[in-house]
Amino acid sequence: MNGMAEKYFQAAAAEIPAMLAWVEEQGTGVLARTKLLRLLLAAEEICTNIVLYAYAPEIKEQYLLLSCEVKDQQLLLKITDGGRPFDPLAVPGKSAETDLAAAEPGGFGRTLMRSFVDGISYSRERGQNILRLTVKCVAAEKLCEK
């Protein structure tokens with residue numbers, strides 16, 4: 001991958017495999033396989049939540065924009081949507097020590113998402129939610145573009 005790439009998707013469950021395939025394409029040859037798989041898990045959690053919860057049913061233009069850039073030995077995946085304002089980092093995730101049998105559904109995805117990437121940030125700009133995921137390319141792996 002050279003420079004920046006971006007692609008719009010309809011925010012629909014049927015599009016999630018295509019979203020993940022696009023992320024995988026961007027990360028292949030840039031990230032070690034383990035790091036790429038962790039990024040894909042985080043991206044799947046985020047994209048699924050956007051599809052399920054970001055948009056009110058009456059909103060016609062339900063989209064998700066993925067953009068990817070390799071810079072300074074890091075891969076930056078930016079996920080943008082025009083749904084309801086929601087900062088997933090402002091909501092605490094669940095602890096791994098939580099008893100799964102007694103746990104209420106929800107919240108574990110945020111914990112996993114945070115642990116699978118090297119950096120994550122949220123902003124609300126021009127009526128859009130923007131989540132930025134950063135994964136470091138390890139120079140010793142000789143897989144990171146310069």
Side-chain angles (χ1 to χ4, degrees), residues 1-56 59 61-98 100 103-146:
M1 185 186 119
N2 292 317
M4 181 189 267
E6 65 180 26
K7 185 167 183 179
Y8 277 92
F9 294 89
Q10 182 180 2
E15 289 286 301
I16 293 173
M19 294 173 198
L20 296 176
W22 186 87
V23 172
E24 183 172 18
E25 181 183 324
Q26 303 312 306
T28 298
V30 176
L31 298 174
R33 187 74 183 152
T34 305
K35 286 188 171 237
L36 178 56
L37 292 174
R38 293 169 66 93
L39 176 63
L40 286 169
L41 284 171
E44 181 177 19
E45 174 66 20
I46 295 162
C47 292
T48 299
N49 283 327
I50 291 169
V51 166
L52 293 177
Y53 306 115
Y55 291 97
I59 302 296
E61 298 252 344
Q62 298 185 10
Y63 69 90
L64 194 150
L65 170 63
L66 298 177
S67 61
C68 194
E69 179 178 21
V70 176
K71 186 171 144 183
D72 300 326
Q73 304 257 338
Q74 296 185 73
L75 183 142
L76 171 65
L77 175 64
K78 187 165 72 169
I79 304 172
T80 304
D81 71 82
R84 297 177 185 99
F86 179 68
D87 178 357
L89 305 179
V91 181
K94 290 192 177 174
S95 168
E97 291 91 38
T98 301
L100 290 178
E104 293 292 321
F108 288 106
R110 286 187 296 273
T111 302
L112 291 174
M113 172 186 68
R114 291 175 183 146
S115 68
F116 282 172
V117 296
D118 296 312
I120 188 166
S121 65
Y122 168 84
S123 62
R124 179 83 178 169
E125 300 171 22
R126 296 182 296 274
Q128 298 179 317
N129 296 302
I130 302 173
L131 201 57
R132 293 173 177 87
L133 308 177
T134 305
V135 180
K136 293 178 185 172
C137 303
V138 180
E141 294 170 336
K142 298 181 182 174
L143 291 173
C144 187
E145 294 181 352
K146 296 184 179 181

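Positions are given from 1, in the same order as the sequence printed here.
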State, to 0.1 Å, how close V117 and A42 come at their nearest heavy-atom pair, and which atoms those are.
CG1-CB, 4.1 Å
Taking the side chain as C-beta and beyond, is there a heavy-atom pair between L131 and D87 under 4.5 Å?
no
Is there a side-chain contact (heavy atoms from CB on, under 4.5 Å) between L89 and I120 once you walk through the steps?
CA-CA 8 Å; L89 305 179; I120 188 166; 3.9 Å; yes
For N129 and Y122, which I'm curious about, is there any donor-acceptor pair between the side chains at under 3.5 Å?
yes
With a 4.5 Å heavy-atom cut-off, do C47 and L66 have their side chains touching?
yes
Flag the pair C137 / V30 as yes when at least one side-chain heavy-atom distance between them is below 4.5 Å, and no otherwise.
yes
Residues at least two apart in sequence or cross-chain that pass side chain to side chain contact (heavy atoms under 4.5 Å, CB included) with L36, listed by chain then number, are E24, T28, L31, R33, L40
If only atom types and distance count, is the side chain of D72 paired as donor or acceptor with the main-chain N or O of Q74 below 3.5 Å?
no
Applying salt bridge (charged side-chain N to carboxylate O under 4.0 Å, His left out) as the test, list every pair that has at least one member in residues 120-135; sequence neighbours left out.
E125-R132
Between Q62 and A56, which heavy-atom pair has the shortest distance, and what is it?
NE2-O, 3.4 Å
Student check: side-chain heavy atoms of L39 and L75 closer than 4.5 Å:
yes
Check whether any side-chain N or O of Y55 sits under 3.5 Å from a backbone N or O of Y63 as a donor-acceptor pair, and report yes or no.
yes
Can you tell me how far the CD1 atom of I79 sits from the CD1 atom of I46, to the nearest 0.5 Å?
4.0 Å
Quick check: does any side chain N or O of K136 sit under 3.5 Å from a backbone N or O of D118, one acting as donor and the other as acceptor?
no
How long is the span from the CD atom in E45 to the CZ atom in F116, to the nearest 0.5 Å?
10.0 Å
Give the table of side-chain donor-acceptor pairs shorter than 3.5 Å for residues 5-21, with sequence neighbours excluded, one pair per line with atom names and distance.
none

Return the set of residues passing side chain to side chain contact (heavy atoms under 4.5 Å, CB included) with T80 (not counting sequence neighbours), or none when no residue passes.
L65, K78, Q128, I130
Spacing of CD belonging to E44 relative to CG belonging to N49, to within rounding of 0.5 Å:
10.5 Å
